[in-house]
Amino acid sequence: MPTCWLVRADESHKPIQLLHYHTHTLGRGPETQIKDQKCSRQQVELRADCNRGFVTVKQLGSNPTSLDDVVVGKGNQVTFKPGQKLYMVNRLYPYTLQFREESTSAGASGEKSKAMKRPHQRDAHEERDQDKEKSCRVSAPSCSNSAARPDQTHAPEKEPAAHWSQGLKVSMQDPSMQVYKDEKVVVIKDKYPKARFHWLVLPWDSISSLKALRPEHVELLKHMERIGARMAQQCPGSDTLRFRLGYHAIPSMSHVHLHVISQDFDSPCLKNKKHWNSFTTDYFIESQDVIAMLERDGRVSVKDGTSELLKLPLRCHVCHQEQTTIPKLKEHLRGHASS
DNA sequence: GTTTTGATGA
DNA sequence: TCATCAAAAA
């Protein structure tokens, strides 16, 4: 089980360990070094779930604690995940989360080379592949783990294992994963593509989710869409392929990412109803719609009950015919592909 | 970007 | 066979 650390983003004090399922009350005091009178001594109540990789945050104090840009509100409770920023009070005193494996004894821990064996399936549809560099080195992640690792005085080549939900953050920094990059964004191939072509466009700037989007992000989102569209346009067979560009309403992975996915849905990684519905119902929000919403409302809202869309019956996205099982749906899709 | 594995039931 | 659910993994 990983350990959970509450990391002060400005590194003004050492990370605070949150014990699994323990209730930690935090606020003004020596532990946080916050002396601000606006901050209660019992500002927040934190409870970490180290297995599932999140912390529930309850605001106890009167002044606002916020998660990203959203105020929690007194008595309210929210879920705090890696990648998000928690502000103790009045948008001040930023904190992030870090889950990592405990390695009490050096050298005894198992190897965790991240550039190990990758599934064989990906090469099936790959026509072009410029750099075949299979380097084993993994460039150091941008987040400063060292600051949160006081015990690590030796064996610096071993990074702590990141929680799976931070996988995107790790992959986007890995040159061997990057398909395109510029000063604003990076494109990687989806690790488990749900179609013959499936990329993710990620901003270098960490934006945890759609909820954190603000009007100042509009230009960035437009850039992401342009780059995504270019990826689609430049891929082999683009003349006959249809693509959609959009966001999952409720993604599992931290860090905002734009899906660029071809509409064949021909992939062994597409295995269940959730996979299907997350790309063929309103759970998939078009990039244009996100941008329009942000320009019109100043933020992006996700309707209540959106998660229920994942349970809808399987329906063909081309002819809207309902299919009873995944294998039948796949067979049906092959019919559309050949015609 | 969760996937994988296993148990259970239709 | 296939879907659904829960738990584990990294």
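Predicted, not measured: the structure shown is a model, and the values here were computed from it. Residue numbers begin at 1 in each chain, while the letters A, B, ... track the order of the sequences. Just the heavy atoms: all of them, side chains too, but no hydrogens, waters or symmetry mates, feed the values below.
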TODO: Describe the nucleic acid contact of A:K194 in one word from base, sugar-phosphate, nothing, applying a heavy-atom distance below 4.0 Å.
DONE: sugar-phosphate

Open item on the list: Can you give me the closest heavy-atom contact between A:V72 and A:L67, atom names plus distance?
Closed with: CG2-N, 4.3 Å

Open item on the list: Between A:H255 and B:dT2, is there a contact of a side-chain N or O with OP1 or OP2 at under 4.0 Å?
Closed with: no

Task: Presence of salt bridge, A:K328 and A:E331, under 4.0 angstrom - done: no

Open item on the list: Just the rounded figure in Å: distance from C1' of C:dA10 to CZ of A:F54.
Closed with: 17 Å

Task: Stem list, DNA chain C (Watson-Crick or G-U pairing under 3.5 Å, at least 3 consecutive pairs) - done: B:2-10 with C:1-9

Task: Under-4.0 Å salt bridge between A:R8 and A:D10 - done: yes

Open item on the list: For the backbone of A:V70 and the side chain of A:D68, can you confirm whether one donor and one acceptor N or O come within less than 3.5 Å of each other?
Closed with: no

TODO: Round to a whole Å and report the spacing from CG of A:L310 to P of B:dT2.
DONE: 10 Å

Open item on the list: Tell me whether the rings of A:H317 and A:W276 are parallel (<30°), tilted (30 to 60°) or perpendicular (>60°).
Closed with: perpendicular

Distances under 3.5 Å between protein N/O atoms and the N/O atoms of nucleotides 7-9 of chain C, please, pair by pair.
{"from": "C:dA9", "atom 1": "N6", "to": "A:W164", "atom 2": "NE1", "distance (Å)": "3.1"}

TODO: Quickly work out the A:K191 NZ to B:dT2 P distance and round it to whole Å.
DONE: 12 Å

- [ ] Starting from the C-alpha separation in whole Å, work towards a yes-or-no answer on side chain to side chain contact (heavy atoms under 4.5 Å, CB included) for A:L92 and A:Y87.
- [x] CA-CA 5 Å; A:L92 297 171; A:Y87 298 91; 6.0 Å; no

Task: For A:Q288, side chain to side chain donor-acceptor pair (under 3.5 Å) partners two or more places apart - done: none

- [ ] In whole angstrom, give the distance that lies between atom CE of A:M253 and atom P of C:dA10.
- [x] 14 Å

Task: Verdict with supporting geometry, A:H13 and A:Y95, ring pair (Phe, Tyr, Trp, His ring centres under 6.0 Å) - done: CA-CA 11 Å; A:H13 65 78; A:Y95 287 89; 5.6 Å; yes

Task: Side-chain ion pair, A:D69 and A:R91, N-O less than 4.0 Å - done: yes

Open item on the list: Applying side-chain hydrogen bond (donor to acceptor under 3.5 Å, both in side chains) as the test, list every pair that has at least one member in residues 31-44 of chain A; sequence neighbours left out.
Closed with: A:D36-A:Y93, A:Q43-A:T65

Open item on the list: Under 4.0 Å, heavy atoms only, any strand: does A:Y247 hit a base, just the sugar-phosphate, or nothing?
Closed with: nothing

For nucleotides 1-6 of chain C, print each protein N/O atom paired with a nucleotide N/O atom at under 3.5 Å, atom names and distance only.
{"from": "C:dA3", "atom 1": "OP1", "to": "A:I326", "atom 2": "N", "distance (Å)": "2.7"}
{"from": "C:dT4", "atom 1": "OP1", "to": "A:K273", "atom 2": "NZ", "distance (Å)": "3.3"}

- [ ] Any pair with a residue in residues 295-306 of chain A that passes side-chain hydrogen bond (donor to acceptor under 3.5 Å, both in side chains), sequence neighbours left out, goes on the list, sorted by first then second residue, please.
- [x] A:K222-A:E295

